[in-house]
Amino acid sequence: MKDVFRNLLNIRQQRRPAPVGSVPAVGTAIIRGDIKMNVTDPISRDLWNWMVLSGWRNVPVKNDRRQYTELPDGLLKLLIEAEPTQRDAVHARIMAKAKDE
């Protein structure tokens, strides 16, 4: 009901980006803007630091009701297996895939 009220009165406020958290555990989700990706494989500290700089964050609340575009599960593995010099290119392909869906 609050959601409808906020939409009708146009009183929505832009949320601040979620704070940077620790390396996400397998089975959790991470977000970047309106895109959500499930963590299916362990993420190294180095990769997580790179992902944070690219805008990825842990989901900030337990029961997140926001609507996201969910990425297929295999895409994180592509980023994990990519060489550090190739991460930007792989990440660009992942984000393009999100826009296609």
Item checked: Flag, side chain of Asp73 to backbone of Asn38, donor-acceptor distance under 3.5 Å -> no

Notebook entry, point to check: What is the distance from atom NZ of Lys97 to atom CD1 of Ile35, rounded to the nearest 0.5 Å?
Noted result: 12.5 Å

Margin query: Are Met95 and His91 packed together at the side-chain level, in the sense that at least one heavy-atom pair is separated by less than 4.5 angstrom?
Written below: yes

Margin query: Within the structure provided, determine whether Ile43 and Leu76 are in side-chain contact (heavy-atom separation under 4.5 Å).
Written below: yes

Item checked: Set of residues satisfying side-chain contact (heavy atoms from CB on, under 4.5 Å) with respect to Ser44, sequence neighbours excluded -> Asp46, Leu47

Item checked: Candidate pair Asn58 and Ile30, rule side-chain contact (heavy atoms from CB on, under 4.5 Å), full reasoning -> CA-CA 5 Å; Asn58 293 320; Ile30 55 176; 3.9 Å; yes

Notebook entry, point to check: Taking all atoms of both residues into account, what is the closest heavy-atom pair of Ala82 and Val90, and its distance?
Noted result: CB-CG2, 3.8 Å

Check: Distance from Ile94 atom CD1 to Leu78 atom CG, nearest 0.5 Å?
Finding: 6.0 Å

Next item on the list: Output every pair passing side-chain hydrogen bond (donor to acceptor under 3.5 Å, both in side chains) with a member in residues 27-36, not counting sequence neighbours, ordered by first then second residue.
Entry: none

Item checked: Side-chain donor or acceptor of Trp48 paired with backbone N/O of Gly21 under 3.5 Å -> yes

Check: CG of Leu53 to CG of Asn49: how many Å apart, nearest 0.5 Å?
Finding: 7.0 Å

Checklist line | Non-hydrogen side-chain atoms of Arg87 and Ser54 separated by less than 4.5 Å | finding: no

Checklist line | Gap separating the CD1 atom of Ile80 from the CG atom of Leu75, nearest 0.5 angstrom | finding: 11.0 Å

